[in-house]
Amino acid sequence: MKVLKKLFGGLNMTWPKLILFAVIAGVYTGLINQVPFLHDTSLTDPAIFFDRWVLCGILIIMNAKSNLDSALKCFVFFLISQPLIYLVEVPFLGWSVMGYYRNWILWTILTFPMGFVGYYMKKNKWWGLLILAPMLVLLAGHYGGYLGQTFFSFPRHLYSAIFCAATMLIYPVAIFSEKRVRTAGVVISAVMIIALTIWTIIQPPVYSTDVLISDGEQGTVFDDTYQARFADPSYGTLTIRHEDTIDAYLVHADMRKQGQTEIILEAPDGTEKHYDIDIGQSTFEVKVK
């Protein structure tokens with residue numbers, strides 16, 4: 001508890017420290033996002049998602065000296081860190097990557113009023129929980145998304161899911177000292193975490209797309225008299241459908257996890273054709289065996 005109180009209100013967040021914090025956060029995120037084998041993992045999630053940045057914002061707010069100090073420091077932190085991410089990536093990806101920064105410009109501007117209002121959480125009143133609530137909802141949405149990705153491509157994004165769940169429970173405890181407010185915040189967070197976990201178990205993510213077309217690149221001709229299946233049924237299901245707009249038969253896949261398996265296309269006479277398929281988070285590659 002002492003560690004939490006130190007982090008959330010006991011740090012001397014001077015301007016030089018804040019600027020250094022912003023530079024380190026931006027450079028680190030940009031560099032680690034260029035490591036190929038870390039792509040689509042928890043370590044590169046901060047380059048896309050908000051959850052780690054929420055922590056940065058709350059730490060700044062809780063260690064600010066006033067509303068204006070909180071607002072200015074939040075704004076400057078994000079004004080430095082976010083474009084730095086893309087500037088670090090320019091040598092690897094070219095100047096076109098700076099186009100992605102426009103998605104963060106509005107959020108950077110909004111950090112000023114959010115930092116100003118967020119400072120009122122330090123008043124330790126019940127309405128402070130109303131200020132924190134949107135952040136808890138945002139983190140809950142991230143948690144559900146990460147958990148679904150973990151189910152699909154375990155253990156990818158598991159750390160991100162745990163991080164979101166943990167911080168949702170920690171923030172009310174670290175920010176508020178009033179017992180009823182803290183308890184209410186923890187209960188709200190716990191309910192959202194449990195509900196999203198149950199929902200993800202009941203409705204796991206499915207990647208639905210067409211993976212083969214009759215007389216397409218693979219040169220296979222088939223129609224609705226054929227049967228299609230994965231060699232390992234745990235990867236999902238395959239069905240054959242007709243697409244009227246192009247007058248062609250397609251093998252449609254509902255894929256439930258990432259990995260490598262085979263597509264088996266069986267003709268009415270029992271002969272089979274096999275294809276290797278490499279399933280990604282939102283991509284796939286099919287090769288004739």
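Everything numeric here is computed off the predicted structure, so don't read it as measured data.
A distance of 7.5 Å separates OG1 of T225 from CD1 of I240, quoted to the nearest 0.5 Å. To the nearest 0.5 Å, atom CD1 of residue I61 and atom CZ of residue F8 are 11.0 Å apart. Taking CZ from F163 and CG from L158, the interatomic distance works out to 14.0 Å, rounded to the nearest 0.5 Å. A distance of 10.0 Å separates CG in L129 from CE in M121, rounded to the nearest 0.5 Å. For the atom pair OH (Y28) and CG (N33), the distance works out to 10.5 Å, reported to the nearest 0.5 Å. Distance check, rounded to the nearest 0.5 Å: CZ of R229 to CD1 of I263 gives 12.0 Å.
Of the possible donor and acceptor atoms, one in the side chain of H157 sits under 3.5 Å from a partner among the backbone N and O of D40. No donor-acceptor pair closer than 3.5 Å links the side chain of D278 to the backbone N or O of F284. In terms of modelled atom types and a separation under 3.5 Å, the side chain of R156 and the main chain of H39 share a donor-acceptor contact. Side chain of T111 to main chain of T108: a donor-acceptor pair is present (N/O by atom type, distance under 3.5 Å, no hydrogens or angles). Between the side chain of K122 and the backbone N or O of A64 there is at least one donor-acceptor pair closer than 3.5 Å. Looking at S153, its side chain never comes within 3.5 Å of a backbone N or O of Q281 through a donor-acceptor pair. The closest donor-acceptor contact from the side chain of K257 to the backbone of Y235 lies at 3.5 Å or more, if one exists at all. Listed for the D254 side chain is no donor-acceptor partner under 3.5 Å among the backbone atoms of S208. Between the side chain of K17 and the backbone N or O of L11 there is no donor-acceptor pair closer than 3.5 Å. Looking only at distances, no side-chain donor or acceptor of D276 sits under 3.5 Å from a matching main-chain atom of V286.
The side-chain heavy atoms of W15 and L72, taken from C-beta on, include a pair separated by under 4.5 Å. Side-chain contact between Y120 and N67 is present, with heavy atoms from C-beta onward closer than 4.5 Å. Looking at heavy atoms from C-beta onward, E243 lies out of side-chain contact with S214 at the 4.5 angstrom threshold. Between S81 and W53, the closest side-chain pair of non-hydrogen atoms falls below 4.5 Å. Contact annotation: the side chain of N63 never approaches that of K73 to less than 4.5 Å [non-hydrogen atoms, C-beta and beyond]. Counting heavy atoms from C-beta outward, M255 and V211 have side chains that approach closer than 4.5 Å. Using a 4.5 Å heavy-atom cutoff, the side chains of F112 and L68 are in contact. Proximity of P268 to Y226: side-chain heavy atoms (C-beta onward) are separated by under 4.5 Å at one or more points.
By the 4.5 Å side-chain criterion applied to Ile, Leu, Val, Met, Phe, Trp and Tyr, I48 is assigned to a cluster that also includes F49, Y146.
Checked against the 6.0 Å centroid threshold, W104 and Y86 do not count as a close aromatic pair.
Checked against side-chain contact (heavy atoms from CB on, under 4.5 Å), N103 has the following partners two or more places apart in sequence or in another chain: Y100. Under the rule for a ring pair (Phe, Tyr, Trp, His ring centres under 6.0 Å), the partners of Y249 that lie at least two apart in sequence or sit in another chain are H242. By the salt bridge (Lys or Arg N to Asp or Glu O under 4.0 Å) test, D51 pairs with no residue at all, sequence neighbours left out.
For the 3.5 Å distance criterion, the side chains of N12 and T14 fail to qualify, holding no donor opposite an acceptor. Counted by atom type alone, D45 and S160 present one or more donor-acceptor pairs between their side chains at under 3.5 Å.
Pairing each heavy atom of F77 with each of A25, the nearest pair is CZ-CB, 4.1 Å.
Cluster membership for I85 and I32, using ILVMFWY side-chain heavy atoms within less than 4.5 angstrom, is not shared.
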Donor-acceptor pairs are to be reported for all side-chain atoms of residues 180-192 against protein atoms at under 3.5 Å, with residues two or more places apart or in another chain.
{"residue": "R180", "atom": "NE", "partner": "E178", "partner atom": "OE2", "Å": "3.4"}
{"residue": "R182", "atom": "NE", "partner": "F176", "partner atom": "O", "Å": "3.4"}
{"residue": "T183", "atom": "OG1", "partner": "K179", "partner atom": "O", "Å": "2.8"}
{"residue": "S189", "atom": "OG", "partner": "M168", "partner atom": "O", "Å": "2.8"}
{"residue": "S189", "atom": "OG", "partner": "G185", "partner atom": "O", "Å": "3.1"}

Atom pairs and distances, side-chain donor-acceptor, residues 193-205, under 3.5 Å, sequence neighbours left out:
{"residue": "T197", "atom": "OG1", "partner": "Y143", "partner atom": "OH", "Å": "2.6"}
{"residue": "T197", "atom": "OG1", "partner": "I193", "partner atom": "O", "Å": "2.7"}
{"residue": "T200", "atom": "OG1", "partner": "L196", "partner atom": "O", "Å": "2.7"}

